[in-house]
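This report concerns only the one structure given below.
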There are 2 protein chains.
Amino acid sequence: MKTHFLVVALLAAGTLSSCAKKPQPEAATPPAPVAAPPAAPVLQPKTGEPVAPVEAPKVADQAMVELGKKLFFDPRLSKSGFISCNSCHNLSMGGSDNLKSSIGHKWKQGPINSPTVLNSSMNLAQFWDGRAKDLKEQAGGPIANPGEMGFTHDLAVTVLQSIPAYVDEFKKVFQADTIDIDKVTTAIAAFEETLVTPNARFDKWLRGDDAAITKEELAGYELFKSSGCTACHNGVALGGNSFQKMGAVEPYKTKNPASGRSAVTKDDADRFKFKVPTLRNVELTYPYFHDAGAATLSKAVEVMGQIQLGKTFTVEENANIVAFLKSLTGDQPKFELPQLPPSSDTTPLPQPFGK
Amino acid sequence: MKTHFLVVALLAAGTLSSCAKKPQPEAATPPAPVAAPPAAPVLQPKTGEPVAPVEAPKVADQAMVELGKKLFFDPRLSKSGFISCNSCHNLSMGGSDNLKSSIGHKWKQGPINSPTVLNSSMNLAQFWDGRAKDLKEQAGGPIANPGEMGFTHDLAVTVLQSIPAYVDEFKKVFQADTIDIDKVTTAIAAFEETLVTPNARFDKWLRGDDAAITKEELAGYELFKSSGCTACHNGVALGGNSFQKMGAVEPYKTKNPASGRSAVTKDDADRFKFKVPTLRNVELTYPYFHDAGAATLSKAVEVMGQIQLGKTFTVEENANIVAFLKSLTGDQPKFELPQLPPSSDTTPLPQPFGK
């Protein structure tokens, strides 16, 4: 009996240490054994599928993620003091702005549709043409782009360096007294790496829960595979892992002047090749294509069938594929709206108007 | 020895019950009486002060607040699909945009500094000139203002009505099948009523915790009172409860053409009278005054002293008042970033560019 108490006390004490906050002065005798809960049914994960489920994010450095989250939401990284990363990659709206092309500094119209930031860590490169090799390199782009946040890296750093709470937080995270753009984009990228969306109904199906998707969604997935969509939209993100020609079978008609991958490689063979977008959360990331040429999923499926596969889907086939695509919406990132540290008396003022 | 173990087990089991998440299959008899925790010192609330502490918000209808929160963050209430209530009343930044005047549809420059939405339910009326009688009336203003969200109430409602999840949520909250602007602004106002900021250090002091503010902050408060600031900045919000002339003692020089309360009353005696802004969270709501003429708290205190009181504060006096003002920062609203329901295929598209 004494041993029994000892075990309980140790177990309970173990719990104590993992359960900070409020210890409550309450008494209890040691627990009696209780019946185990009914065993969950053993699920048989699907094998041999061209798509794999999203894993929950692993956070290596929570303090850095929290700093990056603040920076992601901070409009003081823009010249106007009005535009933040979240303006065009709105985490209330699937990590996108749901506009044909984004609104930049002084309402400049962006040249291309903003891709979602969700699951973007899985992309082989960033931007539609892959001109940034990773999220860190990407994060620096919009800050200094005159048509986006319209600022300079130097000025953005000067602003942050003038804000005492940021200086403290960078010091804690990077063990360094000075802020530089490398640290800024490192922290933003660390936050963005957490923006993955596990537990889509389709992923539950992949993991063996046959009831997680409907008959129509399953039929849509089967057709998605058999039609050849998975040639490009495969892997965990169903895309993001290759550059492909927009208009493989039939030319894509667009007024958008973007030339795609060739702008980076200077190889004419890469003309009109774009990074294949992820289909994760595609229900939330309308409109579609680099030129936002398709306002609805149904239109996007129709056009993709025609120009990439030379196929015309029936109304029912189209509806089934759309239904399948909507089963790819996962858990959206959940976190408290961050509170930004106030500027100081020496913080350079935002310049939304004037030159 | 057995008793010793028992105590550990009891304490630990008590802790278990306060440690939500993982229920552990463990049995317990009813708790035995234990010694009460050491009594907290009895605090003597300050009496006779012109300022009263902020109470935590009371939520009457959580479902309506949740709906209002989504609407507050939803840029689809604007013509561009880009500007939401939160754009200019940013809840990451003290419920303000920290700009001299706000950026509206197509980057139009607003005529006046955006007041904070925090604690705005305490205002006797809304807007600087008090032209809206309450938050509900205020909420409709920016949506239809061509220089702000640039939309119309009808179009905003049409957008919401096209979004199935909103239709469901309005139905649940209002027991009605159709959405109208009255319901939209009712829900937004219900959310805004929760945006109060209790637990400022100064409020702890008011409640009797003498150590909650520093000697300088207390000296600042005493000077704030003795100088006459509390003639206008009093009550729970330290303002928001009267219209007062900007430049009571000495004319205020500004290029801003706003005429203040007279624009509403058509009474020339109300010229240059503005709603006295709250000083709650004033550390976060820079720049100051209707024309944002003061970039820093120090400047604001200096100017107020001169034009409202005919006083010139010494450097030390100014610093003490500023220190006191910074003790008015309360707990900022804490909530998860809302997830907005996606548009449907019939949702009218945002029109950020063109006419």
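Residue numbers start from 1 in every chain, and the chains themselves are labelled A, B, ... in the order their sequence lines are given, proteins ahead of strands.
For A:Ser87, the parts lying near chain B are the backbone and the side chain together; criterion is any non-hydrogen pair under 4.5 Å. In this structure, chain B has heavy atoms under 4.5 Å from both the backbone and the side chain of A:Asp345. Both the backbone and the side chain of A:Ser343 come within contact range of chain B, judged by heavy atoms closer than 4.5 Å. In this structure, chain B has heavy atoms under 4.5 Å from both the backbone and the side chain of A:Pro352. Neither the backbone nor the side chain of A:Thr285 comes within contact range of chain B, judged by heavy atoms closer than 4.5 Å. Proximity to chain B involves both the backbone and the side chain of A:Phe335, based on heavy atoms less than 4.5 angstrom apart. Proximity to chain B involves both the backbone and the side chain of A:Ser101, based on heavy atoms less than 4.5 angstrom apart.
For the atom pair A:Asp97 CG and B:Ser80 OG, the distance stands at 10.0 Å (nearest 0.5 Å). One finds the OH atom of A:Tyr286 at 10.0 Å from the CG atom of B:Leu349 (value rounded to the nearest 0.5 Å). One distance of note links OG of A:Ser84 with CE of B:Met93; it measures 9.0 Å at 0.5 Å rounding. Interatomic distance, A:Lys334 NZ to B:Glu336 CD, rounded to the nearest 0.5 Å: 5.0 Å. Note that the CZ atom of A:Phe73 and the CG atom of B:Leu337 stand 5.0 Å from one another [nearest 0.5 Å]. Distance check, rounded to the nearest 0.5 Å: CD1 of A:Ile103 to CD1 of B:Ile103 gives 11.5 Å.
Most heavy-atom pairs under 4.5 Å with chain B: of the set A:Gln332, A:Lys70, A:Lys106, this distinction falls to A:Lys106. In terms of heavy-atom pairs under 4.5 angstrom with chain A, the leader among B:Leu340, B:Asp74, B:Asn90, B:Leu284 is B:Leu340.
Considering every non-hydrogen atom in both A:Leu99 and B:Gly81, the closest pair reads CD2-O, 4.1 Å. Of all non-hydrogen atoms in B:Pro338 and A:Ser92, the two that sit nearest each other are O-OG, 2.8 Å.
When atom types are taken as modelled, the side chain of A:Gln339 and the backbone of B:Leu91 share a donor-acceptor pair closer than 3.5 angstrom. Between the side chain of A:Trp107 and the main chain of B:Lys108, no donor-acceptor pair closer than 3.5 Å is present.
More than 12 non-hydrogen atoms from other residues, nucleotides or ligands lie less than 6.0 angstrom from NZ of A:Lys69.
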